[in-house]
Amino acid sequence: MAATANPHKLMEIAAILGSAVELLPRPADLGEVVEDGETLESNARLKAVSVCEHTGQAAVADDTGLEVTALGGLPGVKSARYAGEHAEDADNRRKLLAELEDAADRSARFRTVAVVAFPDGRELLAEGTRTGIIAVAPRGRGGFGYDPVFVPDGGGGRTFAEMPPDEKNAVSHRGRAFRALAAQLGR
């Protein structure tokens, strides 16, 4: 069972895992899970446990943060709400780029923590990171979130949004986290 309500993230996770795991969509009657944890791990756990308790089935969730060196690790755990509680992806990117306008150091990393919660109380956890830099302007039409401004190391100078999905998933933080999780599941 997938804990995410984000259709882009669900498609990405399903593509990464392929046939290794059957992902069922998050139950529509669950409602919003409040992500008030102070770490990526605690938010991922909140979501996975909530869905598991609601459905009685194993549930997988993740939380991802963009950690920018010049901003002391911000936006971090608040990445999805960086420009405000109801901000859209473009709002978050605009705020980030404005704050980095005069920054000499544009290094950053994406970090994903993925958790599987089982009905018997067991949990599995995996983490994936990807280092890179923040571009001076958005580029590309793919991906979501900060993908148009994140240039991963070893990506040929392209943003995640300029990469085909299979290439992005092969090198991304989320890809690394979910492949590590699948390995723990023996898949």
Side-chain angles (χ1 to χ4, degrees), residues 1-26 39-41 43-45 47-48 51 58-69 73 75-77 79-80 82 88-90 92-93 96-97 100 105-117 123-187:
M1 182 72 52
T4 185
N6 181 326
H8 299 291
K9 191 184 283 191
L10 182 60
M11 285 178 19
E12 193 168 280
I13 294 168
I16 291 164
L17 294 175
S19 62
V21 175
E22 181 184 358
L23 271 185
L24 301 174
R26 174 188 164 127
T39 65
L40 298 174
E41 181 179 328
N43 280 337
R45 180 173 283 115
K47 293 183 278 189
V51 172
V60 63
D62 79 293
D63 201 23
T64 295
L66 177 64
E67 300 167 343
V68 180
T69 304
V77 73
S79 292
Y82 193 47
E88 307 235 343
D89 290 347
N92 291 327
R93 290 190 299 266
L96 176 68
L97 293 177
L100 291 176
D105 182 358
R106 299 180 77 85
S107 63
R109 76 173 180 166
F110 261 126
R111 191 162 63 94
T112 294
V113 176
V115 174
V116 176
E123 293 180 357
L124 294 176
L125 181 139
E127 183 174 318
T129 61
R130 187 61 177 175
T131 58
I133 62 168
I134 303 300
V136 297
R139 299 191 321 252
R141 296 182 181 197
F144 61 98
Y146 294 95
D147 288 354
V149 297
F150 187 79
V151 180
D153 292 340
R158 295 170 296 158
T159 67
F160 273 157
E162 293 175 301
M163 295 179 172
D166 59 336
E167 185 179 350
K168 175 195 168 193
N169 293 341
V171 299
S172 77
H173 49 291
R174 188 168 289 112
R176 290 175 175 192
F178 277 95
R179 282 189 297 277
L181 201 59
Q184 289 182 50
L185 290 167
R187 311 270 159 112

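In what follows, every heavy atom counts, from backbone to side chain, and hydrogens, waters and symmetry copies are set aside.
- By the salt bridge (charged side-chain N to carboxylate O under 4.0 Å, His left out) test, E162 pairs with R139, sequence neighbours left out.
- Side chains of T112 and D62: no donor on one and acceptor on the other come within 3.5 Å.
- Using a distance-only test at 3.5 Å, with no hydrogens or angles considered, a donor-acceptor pair links the side chain of R106 to the main chain of A135.
- Taking the side chain to side chain donor-acceptor pair (under 3.5 Å) definition, one finds that R26 meets it with nothing, sequence neighbours left out.
- Two residues are said to be in side-chain contact when any heavy atoms from C-beta on lie closer than 4.5 Å; M163 and S172 fail this criterion.
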| task | Given side chain to side chain contact (heavy atoms under 4.5 Å, CB included), test I16 with R179 step by step and report yes or no. | result | CA-CA 7 Å; I16 291 164; R179 282 189 297 277; 4.1 Å; yes

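- Closest heavy-atom contact between R45 and L125: NH2-CD1, 4.1 Å.
- The two residues A59 and A48 have their closest heavy-atom pair at CB-O, 3.4 Å.
- Under the 3.5 Å distance criterion, the side-chain polar atoms of E12 are left unmatched by any main-chain donor or acceptor of N169.
- Taking the side chain as every heavy atom from C-beta outward, K47 and T4 never approach each other to under 4.5 Å.
- What you find for A61 and A44 is that their closest heavy atoms are CB-O, 3.4 Å.
- The nearest pair of heavy atoms linking L181 to V60 is CD2-CG2, 3.8 Å.
- Atom CG in L40 sits 6.5 Å away from atom CD in E67 (nearest 0.5 Å).
- The closest donor-acceptor contact from the side chain of R130 to the backbone of F110 lies at 3.5 Å or more, if one exists at all.
- Only one option out of T129, D153, V68 pairs with R109 in a side chain to side chain contact (heavy atoms under 4.5 Å, CB included); it is T129.
- A donor-acceptor pair under 3.5 Å links the side-chain atoms of T69 to the main chain of S107, judged by distance alone.
- For R176 (side chain) and A126 (main-chain N/O), no donor-acceptor pair under 3.5 Å exists by modelled atom type.
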Below 3.5 Å, can you tabulate the donor-acceptor pairs from side chains in residues 141-151 to any protein atom, sequence neighbours excluded?
unit_1: Y146; atom_1: OH; unit_2: S79; atom_2: O; d: 2.8
unit_1: D147; atom_1: OD2; unit_2: F144; atom_2: N; d: 3.1
unit_1: D147; atom_1: OD2; unit_2: K168; atom_2: NZ; d: 2.5

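- By the 4.5 Å heavy-atom criterion applied to side chains, L66 and N92 are not counted as neighbours.
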